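Notes follow the structure.
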Amino acid sequence: MARLDSETLDLVVSTLREYAARELKPEVLLELDRKDEFPMHVLRDLYDPRQIGLHLLFLPEDCGGLGGGAHDIYRVSSVMAEIDLGVATGVLATFLGTDPITVGGTPEQKRTWMGRIANEGLLVAYGATEPQAGSDLAALTTVAVPITEDGRVTAYAISGRKQWISNGGVASVYTVLANAPGGPSWFIVERDTPGFSPGRPEDKHGIRASNTTALFLDNVVVPAEHLVGGVEGRGLAQAQAVFGYTRLMVAAFGLGAGWAALQRAIRYSQQRIQGGGPLAQKQGYTHKLIVPDACWLEASRAYIEWTADRLDAGEPDLATEGAVAKYLATEAGNRAADHAIQAHGGNGYTKEYLVEKIKRDVRITTIYEGTSEIMEWTIARDRWQSHLKTRGAFHAEWAARLDAQAPALNGSGGPTAALALRSLGALLERCRLDRLTRNQHVLFRLGELIAWAEGAAIFAERSVAAPTRAIGLDPAVLQAMARVFARQAAHRVACEGLQWAVGAGQTDPALARTLNVDGVLAAQAGLVEDMDLLARKLNEAFPA
Ligand SMILES: Cc1cc2nc3c(=O)[nH]c(=O)nc-3n(C[C@H](O)[C@H](O)[C@H](O)COP(=O)(O)OP(=O)(O)OC[C@H]3O[C@@H](n4cnc5c(N)ncnc54)[C@H](O)[C@@H]3O)c2cc1C
């Protein structure tokens, strides 16, 4: 996939920020939240090519778009989420709704629909979820019955109900997953088709500036040319292919919203005087509520950028990496926002300081596009396969690749991340020998530990070889963050891994040695000093 040059991307980002500074001031955002209002005029502005033309970013150049790649979409999604996650969701839903056509459409369908989306700025919605088919999409019951003329399928009659559809009440075009005789398939449905009607907007916990509704389809007849890809039964595979991209977008949402909350907390802590000095200078505050979240968010960013760059280089099958990125970033964003409320004390619990709204908004990111538990399962299942296929060498070889980069990665936690990966490989092997993953909980915990160990490895590498340009932090600061994150990851893998293995019945007295718990604990040396450094640097980077 192509990628915008960095000047064009920077221009899109700065135009977006200028628009937000002008039109989406905090009081406007709070009012939209309070009134539970979808700001159609904002979406129109964002899609207006004379202003920003945001929808053009993800459309191919031959359809009138800018032909942006995964990296561009991640950057813009994270900036959108810094501004407002409800508005970002309205924009994302069009990306998401178009994706089945992008990954599975015929050339003719791509030309027609992407051309219309580009030229008419159409809002699109993605209709997969149903009341009884959420995490388990294969349980869908919406049906598409072929209508034949002279033995040829000319149309489909779609009937069923969709649930929790973003842009459901405001879109013009919908991609809808339905069971055709050949299996689940995507169909393009226009809003004004007889028999189609959206439900009432849901009264949601957060992202209240987004529109979420059910969809009712009662014998909705669409021409056979609206079957995405022209062949029945490819819908679930297409949905899986879509996840590689869309999970990265939601990861970017967690990252952007988490940083928006954290920056507010950092700035607030410099002005709030308690106990004789600013909170920003109190270790018990910064080392719990600020520094670990900044490290976790930046580890997530490194993983997102790594995955996006690989997608843009044309690598297929990055669904596991998309899941790791989403899991790390959305859990990090959610925790950072929760800590930001705590960091504001009583003020954090009121609307005025915005962190309360950000926390409600970012909460959705661990639910939509696959819940965190489904991410844990996906990651564990996929890496378990890699472990088996390589006879247990997958993570040990990764550790060896990190070690081979010494001394370059010594200052970015490379050796500690290698410890985490080795410990993880040993843990997976122990779980295999003792069949511990027959406990679903152990399997899911492995998913979490895999995400942390891989996050540490990628952050150690990229903070040296490809430090991000997105946040304006010095590479030396990113490397200190990578050291902190690697220590946490290694500690979690070895100690929590041991906990769950023993908890599931493992009795080998040598397991702590096999997981190198002593080595991992020794690697914690210098942790508090690094956190001291980061507390100072974050205050310098985000002054009040
Ligand atoms: C605001 C909002 C916007 C949305 N936008 C869209 C959209 O535009 N298009 C669309 O198609 N969908 C959309 N969704 C739907 C969203 O993707 C689903 O809500 C999500 O995938 C979870 O499905 P569910 O709600 O049915 O929960 P469930 O699948 O019922 O899950 C409930 C809980 O059980 C856990 N769980 C589920 N299965 C298992 C298992 N096998 N083992 C262990 N634990 C499990 C889950 O992790 C979760 O914690 C949206 C949802 C919301 C709330």
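Note that ligands are numbered from 1 as they come in the structure, with each ligand's atoms numbered from 1 the same way. As the structure is a prediction and not an experimental result, all values here were calculated from the model. Scope of the values below: all heavy atoms of this structure, side chains included, with no hydrogens, waters or symmetry mates.
Salt bridge annotation for Asp48-Arg44: absent, with no cationic side-chain nitrogen under 4.0 angstrom from a carboxylate oxygen. Between Glu130 and Lys162, at least one side-chain N (NZ, or NE/NH1/NH2) sits under 4.0 Å from a carboxylate O, which counts as a salt bridge. Checked for salt-bridge contact, Glu356 and Arg360 meet the test: a charged N lies under 4.0 Å from a carboxylate O. The existence of a salt bridge linking Arg492 and Glu448 is confirmed by a sub-4.0 Å separation between a basic side-chain nitrogen and an acidic carboxylate oxygen.
For the side-chain contact (heavy atoms from CB on, under 4.5 Å) with Ile188, the qualifying choice from Ile101, Leu227, Val222 is Ile101, the only one to do so.
Proximity of atom 15 (C) of ligand 1 to the protein is indicated by at least one non-hydrogen atom lying closer than 4.0 angstrom. Counting only heavy atoms, the protein never gets under 4.0 Å from atom 35 (C) of ligand 1. Distance check on atom 23 (O) of ligand 1: some protein heavy atom falls below the 4.0 Å cut-off. Within a 4.0 Å radius of atom 3 (C) of ligand 1, the protein contributes one or more non-hydrogen atoms.
Defined by atom type and a distance below 3.5 Å, a donor-acceptor pair is missing between the side-chain atoms of Arg264 and Tyr353. Judged purely by distance below 3.5 Å, without hydrogens or angles, the side chains of Glu454 and His395 pair a donor atom with an acceptor atom.
Atom 44 (N) of ligand 1 has its nearest heavy-atom neighbour, among Tyr126, Phe444, Trp164, Tyr368, in Phe444. Of the candidates Gly134, Ala239, Ser135, Ser372, it is Ser135 that places a heavy atom closest to atom 28 (P) of ligand 1. In the candidate list Ile374, Thr129, Ile367, Thr129 is nearest to atom 11 (O) of ligand 1, counting heavy atoms. One option in Glu202, Met375, Glu373, His205 has a heavy atom closer to atom 48 (C) of ligand 1 than any other, and that option is Glu373. Considering only non-hydrogen atoms, atom 47 (O) of ligand 1 lies nearest to Thr371 out of Thr371, Thr89, Asn211.
Regarding atom 8 (O) of ligand 1, its nearest protein heavy-atom neighbour is Ser166 N, 3.0 Å. Nearest non-hydrogen protein atom to atom 52 (C) of ligand 1 is Ile364 CD1, 3.7 Å.
Relative ring orientation between Trp296 and Trp452 is described as tilted, the plane-to-plane angle lying within the 30° to 60° band. By the 30° and 60° cut-offs, the orientation of the rings of Phe253 relative to Tyr368 is tilted. Note on ring orientation: taking the six-membered ring where Trp is involved, the planes of Phe58 and Phe95 are tilted (angle from 30° to 60°). Aromatic ring pairs are classed by plane angle as parallel below 30°, tilted from 30° to 60° and perpendicular above 60°; the pair His71 and Tyr74 is perpendicular.
Distances from ligand 1 to the non-hydrogen atoms of Gln440 include at least one value under 4.0 Å.
Applying the 4.0 Å criterion to heavy atoms of Ile165 picks out, from ligand 1, the atoms 7 (C), 8 (O), 9 (N), 10 (C), 11 (O). The atoms of ligand 1 that sit less than 4.0 Å from any heavy atom of Lys204 are 1 (C). Counting atoms of ligand 1 from 1 in the listed order, those under 4.0 Å from a heavy atom of Glu369 are 17 (O).
At least one N or O atom of Ala128 sits closer than 3.5 Å to an N or O atom of ligand 1. Checked against a 3.5 angstrom limit, the closest N/O atoms of Gln163 and ligand 1 fall outside it.
With a heavy-atom cut-off of 4.0 Å, Asp136 does not touch ligand 1 at all.
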